[in-house]
Structure formats: C-alpha cells, structure tokens
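Shown next, in structure tokens, is the structure this report addresses.
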Amino acid sequence: MKKVLSFLLTAYVSVPVILYLFPWILSHAIFSHLLRFPYSVDLRRPQDVLNHTCNFYLSTEEGISVGVWHTLPVSQWDASAGRNVDWYHETLGDGSAVIIYLHGNLGTRAVSHRVELVKILSAAGYHVLSLDYRGFGDSTGDPSEVGLTSDALYLYHWAKTQSRGSLVCLWGHSLGSGVATNAAVKIQEQGSAVDALILQAPYTRIGEVVTNNWLAKMYMFLPGFESLFWNILERINISLANDKNLQKLNSPLLILHSEDDNVVPLHMGQKLYQISLQAQRESKTDARVQMISFGANLRLSHSHIHLAPNLSDVVQKFLQNLIERKMQV
C-alpha cells in the first residue's frame with residue numbers, strides 16, 4: 001500500500017516538472033488536434049454525413065493546406081445535384097450571407113454536433129464554410145495560435161472575394177471564438193471591420209478555461225503552480241484572449257451561451273458582453289452587440305446549442321438586420 005501511495009504521489013508532483021520541461025504538452029492538450037474523430041468519416045466525402053456539401057482545400061501559406069466543407073443554403077439545394085467544386089464556389093456570389101464556422105478543439109469538421117449546426121444554418125439560408133485548421137483533420141502543418149488565426153483570416157478574405165459583396169460572418173465556437181476575434185482584430189487593423197461576429201460559448205481567455213478544468217484545479221493550490229502555468233502559456237505563445245480582443249473591436253457581435261455550459265462558464269460570456277458594450281460606448285459606434293443565453297433546462301451544455309428551438313430565428317434576426325443596414329448604406 002505504501003508503495004502505491006508513493007507512486008501516486010510521485011506521479012502527481014512530477015506533472016509540473018514535466019510541463020516545465022516539455023511545454024508543448026500543454027499546447028497539444030489545448031488544441032487536442034491529434035484526436036481526429038470521427039475516424040469513420042472520409043473528409044473528402046462530406047456527402048456521407050452532410051447533403052449539399054463539397055470538399056475543397058486552400059493553401060493558406062507555403063506548405064500549408066487546409067480542408068474546408070462548403071454547405072449550400074436552402075435556395076441552392078435543388079440545383080446542386082452533380083455540380084463540381086467550381087460551381088459551388090460560384091454560388092457564393094448569389095447574395096446569401098456566408099458563415100465561416102471555426103470549430104473548437106478535438107475532432108474534425110465532421111463531428112456530429114458541428115454537422116448538425118451546419119444543417120440548421122444551411123436550412124436558414126446561409127452558405128457555411130467549415131474549416132479544419134492546420135494540423136486538424138486532413139489539413140497539413142502543426143497548430144499554433146498564429147497559424148490558426150492565419151488560416152481563418154485567409155478563408156475570410158477568400159470568401160469576401162468569392163461572395164462579391166455579400167455579408168461574411170465569422171462564427172467561432174469555444175476554441176474557435178478566440179480564433180475568430182483574433183482574425184477580426186487583424187481585419188480591423190487592415191482597415192476594415194468584419195461584417196459580423198458570432199461567438200458560441202466564448203471564454204475570456206483560454207488559460208482561464210484550462211484552470212477551470214477539474215484536472216488543473218488539482219494543482220492550483222500548489223505553491224507557484226499557477227504562475228508556472230501562465231509562464232508556460234507565454235512560452236508556447238498561446239493567449240487566445242477574447243477579453244483583450246473585444247476591447248478593440250467595433251464589429252456587430254452576437255454571443256450565444258448556455259447557462260449549463262460545464263466547460264466555459266456562463267459568466268465568461270457575460271463578461272465579454274459587458275466588455276463589448278463598453279467598447280461600443282467608448283468608440284461611439286452603432287455596431288450591434290447582443291447576447292442570448294439559453295436556459296439550463298434545455299440541457300445544451302457546451303456543444304449542443306444546435307438543439308435550441310429558437311436558434312435559427314435568433315441568427316436570422318441578427319444577420320438580417322445587418323444585411324438590411326448594409327443595403328441602406
């Protein structure tokens with residue numbers, strides 16, 4: 001018994017040392033990109049899980065190829081039979097809004113809750129571009145905060161060109177919310193504002209999500225562990241700071257959060273909402289900022305917001321308002 005307890009204690013106290021010596025372990029834990037489930041889905045054949053969808057690849061920089069699924073809006077469903085990738089690209093200019101879906105960690109663009117959300121957005125009348133960042137799914141390269149942001153930024157500019165003036169929205173879920181706001185800040189720094197930003201289960205900053213995890217909490221009371229943790233994040237160049245980004249942004253924003261989210265607590269979304277309202281007041285812009293929280297009784301948790309009965313109406317109302325205002329300019 002003493003040997004077992006000694007082993008467990010040694011294993012426990014060795015974790016901070018291992019993280020210090022091999023900080024890339026924390027990066028892999030945050031992205032979890034090597035867990036490429038569902039393994040049974042061929043990402044080159046989206047039609048096996050998602051109708052009216054084509055697969056294609058973009059070279060976001062030299063040596064990096066990322067996989068994307070393009071799902072058509074309901075208005076194009078009947079015409080899509082037998083069409084090739086070029087035809088799908090051409091439809092992006094049909095006047096329908098385009099949503100770029102930036103998913104969370106773990107798995108690929110074929111994960112079931114992601115597919116179900118895309119189905120709802122497609123039926124609501126939107127083009128949806130589902131991206132697997134570098135290192136995820138069948139995309140090449142290794143993930144990093146800079147790299148994921150670069151992939152999202154490239155896809156946004158590509159979609160803006162293809163859509164010929166239609167509204168393009170960045171939708172970021174969980175990990176993807178930080179990628180979305182990073183990209184939105186870059187777009188703003190380049191002289192324009194992103195058309196629309198929808199953040200699903202967004203965190204204040206990624207480190208605060210990690211420290212909220214039950215496993216991390218086992219170590220937080222150890223002297224020096226918390227400062228070690230933040231130091232490691234700095235060493236691996238991961239911040240994904242939505243709170244910092246939203247202080248700068250003046251884009252239309254919709255935050256969606258479930259009250260029973262057990263990964264990213266609701267109070268983080270609420271804090272981001274207040275930050276955005278304050279940023280709007282200080283910049284004296286009229287960009288719309290809205291937050292919708294879904295009751296715990298719906299049991300949507302962290303990843304099942306697609307089950308919310310009014311989700312389609314919420315998104316349509318938010319985007320339609322922006323489209324109408326854009327037409328008036």
### Message
Given 3.5 Å as the limit, does a donor-acceptor pair link the side chain of Trp69 with the main chain of Leu43, or not?
### Response
yes
### Query
Any side-chain donor paired with an acceptor under 3.5 Å for His157 and Gln190?
yes
### Message
Is there a continuous path of hydrophobic side-chain contacts, each under 4.5 Å between heavy atoms, that joins Leu155 to Leu199?
### Response
yes
### Query
At what distance, to the nearest 0.5 angstrom, does CG of Leu246 lie from CD1 of Ile275?
6.5 Å
### Query
What do you reckon, are the aromatic ring centroids of His173 and Tyr101 less than 6.0 Å apart?
no
### Message
Tell me whether the rings of Phe225 and Phe229 are parallel (<30°), tilted (30 to 60°) or perpendicular (>60°).
### Response
parallel
### Message
Keeping Glu145 on the side-chain end and Ser239 on the backbone end, is there a donor-acceptor pair under 3.5 Å?
### Response
yes
### Query
So, for Tyr273 and His257, is the gap between ring centers shorter than 6.0 Å?
no
### Query
CG of Leu256 to CD of Gln290: how many Å apart, nearest 0.5 Å?
8.5 Å
### Ring centers of Trp158, Phe56 separated by less than 6.0 Å
yes
### Task
Please answer: with hydrophobic residues joined when any side-chain heavy atoms are less than 4.5 Å apart, are Val146 and Tyr156 in the same cluster?
no
### Rounded distance [0.5 Å steps], CD1 in Ile25 versus CD1 in Ile30
12.5 Å
### Arg235 charged N/C atom sitting above Tyr20 aromatic ring, 6.0 Å / 45°
yes
